[in-house]
Colleague: 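Mind having a look at this structure? Questions to follow.
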Amino acid sequence: MSLVLFNDLTRKKETFTPIKPGHVSFYSCGPTVYDFFHIGNARPFIVFDVLRRWLEHEGYKVTFVQNFTDIDDKMIHRAHREGITVPELAEKFIAEYNKDADALGIRRPDVAPRATEHIPEIIATIERIIANGHAYESNGDVYFDIQSWPKYGSLCKQNLEDLEAGARVEPGEGKRDPLDFALWKAEKTGEPSWESPWGKGRPGWHIECSAMSSKYLGDNIDIHSGGVDLMFPHHENEAAQSEAASGSGKPFVNYWLHNGFLLIDSEKMAKSLGNFVTARDALKRYPPLAIRFFMLSAHYRSPINFSHESLEQSAAGVERLRNCRSDLDFAAKTRNGSSDFDVSKYRSQLDELHTKFTEAMNDDFNTAAALGVLFDVVYLINTSLKENETLPEDFFTLSKNALDEYDSILGVIGSDDAETENDDESAEIERLIQERAEARKAKNFARSDEIRDSLKSRGIVLEDTPQGTKWKREL
Ligand code: AMP
Ligand code: ZN
């Protein structure tokens, strides 16, 4: 049972074979840090984080690189509008990106390189492309020479004639061909610039990913990902640049993966369309786990529609998973004992579900199917809890391990509050629950209600059961 990925280079599902056994080099295009990122941008960050976790779960050593685009037209315009410098703007929104990404449970990359910190590498890459005969200088700009690159269009599956039909030369551009794209842009007044062999200027957008991926991952990498809108021109151009620079004849990337769009009212969510919800705002309205759950509830290549209803449904799904975990923890404390429960049958039922989970994740990381299996596990746990007064230690260990394992990949259940949160706080809650039980016994309902309400105002909900009072944190 090996991992199969849909490779956009061949438009086929292919068995994943890494270049170096046991290792995966993985580059994901990151955000342009001119503003808060929106919930559509969050989709690639979340789904490819899950693929990274899955690869690690399967024993690969993954080097995951995701860049910050910290210089481009949008950065320059926004900094100008705010009356701050481009580096100040970048600093601010890199910090904001990290805040939201952390809240969404997106693991930080191994390397998060910034374009402006790699100008020498970018210049060296451009020099190699020129030396290999695939780029030329024109009035301080440097352009990639499309006519010298017959493979152009092989990722987006379009031929040069069709692509030429949609391209045009803007006034002031010294291109030989309308499809030629800028590797280096000559300085314009008031814009940040760096010294280069072609005079002062700044890098084009695409070249940063070629220069930084080759610095950290080499000239031939395993996986490169991003949203489907990046396939053309960004990834097509990256591939042309990287292969033209290396001159090795090896492909830049072995597996190209692209996520489908997140839609709102059936339209792509985009800054330019003004129909976006920032991750920051979504996080004020919905629990982070619900947002992750929502993203993983569809296959990453399918479009997914963002709506209040779908987020509410996702929140209900998360609630069900978390209730299972807290019921399990509570039962482990109150109903752990001798029992005629058939542990070996239970173990084989869990094993069967484990196989199904693995099959789902190995099938182009089908997180929707994997979530389905997680719900089957929850159903099995809930049914066992319902049907048995007491359960043996092994039942609890097996069940907790199963939930922990699946959650280490999907990240939709969250930490086990009672055990991992601040111990002092847990002890205080337990003490208040005890005091409330005594107040109730003494028919002092004013005090017992007061305790319940004060815990509620701290986001702690109590549930009375025949075995005692359970508590959990509200989502
Ligand atoms: P950007 O900052 O615009 O370069 O976008 C960052 C990432 O978000 C890229 O991988 C884009 O392809 C992706 N992206 C942008 N809009 C959407 C959307 N509506 N749905 C899914 N992915 C998107
Ligand atoms: Zn890129």
Side-chain angles (χ1 to χ4, degrees), residues 8 26-49 51 64-75 78 89-90 93-94 96-97 100-101 104 106 109 111-115 118 122 125 155-156 181 183 203-217 221 223-242 252-253 256-279 282 291 294-296 298-307 310:
D8 273 313
F26 192 157
Y27 188 94
S28 207
C29 289
T32 307
V33 282
Y34 70 109
D35 204 344
F36 292 97
F37 67 91
H38 63 64
I39 203 76
N41 302 134
R43 189 173 191 196
F45 306 147
I46 292 175
V47 298
F48 296 117
D49 171 57
L51 174 59
F64 188 82
V65 180
Q66 183 179 288
N67 65 303
F68 286 116
T69 298
D70 61 350
I71 178 75
D72 80 337
D73 289 345
K74 285 181 286 196
M75 295 286 304
R78 179 73 187 251
L89 182 75
F93 283 111
I94 287 174
E96 302 293 13
Y97 169 87
D100 292 337
L104 288 168
I106 299 162
V111 192
R114 306 177 187 192
H118 293 78
I122 289 172
T125 309
L155 176 61
C156 68
F181 56 90
L183 305 179
W205 168 34
H206 318 294
I207 195 72
E208 67 177 87
C209 289
S210 288
M212 297 192 289
S213 62
S214 119
K215 172 168 180 179
Y216 296 104
L217 300 170
I221 67 177
I223 300 176
H224 191 124
S225 63
V228 67
D229 54 336
L230 295 191
M231 185 154 16
F232 186 84
H234 186 53
H235 289 166
E236 191 72 52
N237 291 357
E238 274 186 42
Q241 294 165 160
S242 293
F252 167 43
V253 169
W256 281 102
L257 310 185
H258 294 97
N259 63 275
F261 286 137
L262 178 136
L263 311 173
I264 186 159
D265 299 327
S266 309
E267 215 176 5
K268 179 194 172 191
M269 184 180 283
K271 282 263 165 62
S272 56
L273 297 173
N275 61 356
F276 62 93
V277 177
T278 62
I291 298 174
F294 163 72
M295 296 289 181
L296 302 179
H299 190 273
Y300 76 96
R301 281 189 292 109
S302 313
I304 186 170
N305 209 48
F306 180 86
S307 67
S310 52

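Ligands are counted one by one from 1 in listed order, and the atoms in each one are counted from 1 as well. Excluded from the calculations below are hydrogen atoms, water molecules and symmetry mates; all remaining heavy atoms, backbone and side chain alike, are included.
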Colleague: What protein heavy atom is closest to atom 2 (O) of ligand 1, reported as residue, atom name and distance in Å?
Modeller: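 The closest one turns out to be Thr32 N, 3.3 Å.
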Colleague: When you measure from atom 23 (C) of ligand 1 to every protein heavy atom, which one gives the shortest distance, and what is it?
Modeller: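 Minimum-distance protein heavy atom for atom 23 (C) of ligand 1 reads Gly40 O, 3.4 Å.
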Colleague: If the contact criterion is a heavy-atom separation under 4.0 Å, does Ser28 count as touching ligand 1?
Modeller: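 It does not, in that no heavy atom of Ser28 comes within the 4.0 Å cut-off of ligand 1.
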Colleague: Could you name the option among Pro44, Pro303, Gly227, Ser225 that has the heavy atom nearest to atom 7 (C) of ligand 1?
Modeller: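 Residue with the shortest heavy-atom distance to the ligand atom: Pro44.
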Colleague: For the atom pair NE2 (His235) and OG (Ser210), what is the distance rounded to the nearest 0.5 Å?
Modeller: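 Interatomic distance, His235 NE2 to Ser210 OG, rounded to 0.5 Å: 10.0 Å.
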Colleague: For the residue pair Phe252 and Trp256, categorise the inter-ring angle as parallel (less than 30°), tilted (30 to 60°) or perpendicular (more than 60°).
Modeller: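 Because their plane-to-plane angle is over 60°, the rings of Phe252 and Trp256 count as perpendicular.
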Colleague: Looking at Asn259, which atoms of ligand 1 are within less than 4.0 Å of one of its heavy atoms?
Modeller: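 In order of number, 21 (C), 22 (N).
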Colleague: If you measure from each non-hydrogen atom of Lys271 to ligand 1, which part falls under 4.0 Å: side chain, backbone, both or neither?
Modeller: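 Neither; no heavy atom under 4.0 Å.
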Colleague: Just to confirm my output: which protein heavy-atom neighbour is closest to atom 19 (N) of ligand 1, and how far is it?
Modeller: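 Heavy-atom neighbour on the protein nearest atom 19 (N) of ligand 1: Met269 O, 2.8 Å.
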Colleague: Ignoring hydrogens and geometry beyond distance, is a side-chain donor-acceptor pair present between Glu208 and Thr69 at under 3.5 Å?
Modeller: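 Glu208 vs Thr69: donor-acceptor pair found between side chains.
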Colleague: Taking only residues two or more places apart in sequence, or in another chain, which ones meet Arg78 in a salt bridge (Lys or Arg N to Asp or Glu O under 4.0 Å)?
Modeller: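 Result, salt bridge (Lys or Arg N to Asp or Glu O under 4.0 Å) vs Arg78: Asp35, Glu82.
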Colleague: Might you work through the side chain to side chain contact (heavy atoms under 4.5 Å, CB included) test for Asn275 and Asp265, ending with a clear yes or no?
Modeller: CA-CA 9 Å; Asn275 61 356; Asp265 299 327; over 6 Å; no
Colleague: In sequence, state the C-alpha distance, the side-chain angles, and the governing distance for Leu262 and Phe294, and then conclude on side chain to side chain contact (heavy atoms under 4.5 Å, CB included).
Modeller: CA-CA 11 Å; Leu262 178 136; Phe294 163 72; 3.8 Å; yes
Colleague: If you have a sec, work out which protein heavy atom is nearest atom 9 (C) of ligand 1 and how many Å separate them, to one decimal?
Modeller: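 For atom 9 (C) of ligand 1, the nearest protein heavy atom is Leu230 CD1, 3.7 Å.
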Colleague: Side chain to side chain contact (heavy atoms under 4.5 Å, CB included) with Met212: which of His118, Arg114, Gln66?
Modeller: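 Output: one option passes, namely His118.
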Colleague: Where does Leu263 meet ligand 1, judged by heavy-atom distances below 4.0 Å: at the side chain, the backbone, both, or neither?
Modeller: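 No part of Leu263 comes within reach of ligand 1.
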Colleague: Ring centroid separation for Phe306 and His38, is it under 6.0 angstrom?
Modeller: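 Judged by ring-centre distance (under 6.0 Å), Phe306 and His38 do not meet the cut-off.
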Colleague: For the residue pair Tyr27 and His224, categorise the inter-ring angle as parallel (less than 30°), tilted (30 to 60°) or perpendicular (more than 60°).
Modeller: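 The arrangement is tilted - the two ring planes meet at 30° to 60°.
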Colleague: Below 30° counts as parallel, above 60° as perpendicular, anything between as tilted: where do the rings of His234 and His206 land?
Modeller: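 Because their plane-to-plane angle lies in the 30° to 60° range, the rings of His234 and His206 count as tilted.
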Colleague: Find all atoms of ligand 1 within a distance of less than 4.0 Å from any non-hydrogen atom belonging to His38, and give their numbers and elements.
Modeller: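 So the answer, numbered in order with elements, is 16 (N).
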Colleague: Using a strict cut-off of 4.0 Å, indicate which atoms of ligand 1 neighbour a heavy atom of Gly260.
Modeller: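 Near Gly260, the atoms of ligand 1 are 21 (C).
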Colleague: According to the interplanar angle, ranging from 0 to 90°, do the rings of Phe64 and Phe26 count as parallel (below 30°), tilted (30 to 60°) or perpendicular (above 60°)?
Modeller: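 Perpendicular.
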Colleague: What is the closest protein heavy atom to atom 3 (O) of ligand 1, and at what distance does it sit?
Modeller: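 Answer for atom 3 (O) of ligand 1: Asn41 ND2, 4.1 Å.
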Colleague: Tell me, please: is Ala270 in heavy-atom contact with ligand 1, that is, under 4.0 Å?
Modeller: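 It does not, in that no heavy atom of Ala270 comes within the 4.0 Å cut-off of ligand 1.
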Colleague: Can you tell me how the ring of Tyr97 sits relative to the ring of Phe68, calling it parallel under 30°, perpendicular over 60° and tilted otherwise?
Modeller: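 Perpendicular, since the angle between the ring planes exceeds 60°.
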Colleague: Nearest protein heavy-atom contact for atom 20 (N) of ligand 1: which residue, which atom, what distance?
Modeller: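 Minimum-distance protein heavy atom for atom 20 (N) of ligand 1 reads Leu262 N, 2.7 Å.
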Colleague: Identify the heavy atoms of Cys156 and Phe232 that sit nearest to each other, and give their distance.
Modeller: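 What the structure gives for the nearest pair is SG-CD1, 3.5 Å.
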Colleague: Name the closest protein heavy atom to atom 12 (O) of ligand 1, giving the residue it belongs to and the distance to 0.1 Å.
Modeller: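 Answer for atom 12 (O) of ligand 1: Asp229 OD1, 2.4 Å.
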Colleague: Would you mind running through ligand 1 and noting each atom that sits below 4.0 Å from a heavy atom of Gly226?
Modeller: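 Listed by number with element, the hits are 10 (O).
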Colleague: Which atoms form the tightest heavy-atom contact between Phe276 and Met269, and what is the distance?
Modeller: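 Taking Phe276 first and Met269 second, the nearest heavy atoms are CA-CG, 3.5 Å.
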Colleague: For the Zn ion (ligand 2), how many protein N, O or S atoms lie at less than 2.8 Å?
Modeller: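 Count of protein N, O, S atoms less than 2.8 Å from the Zn ion (ligand 2): 4.
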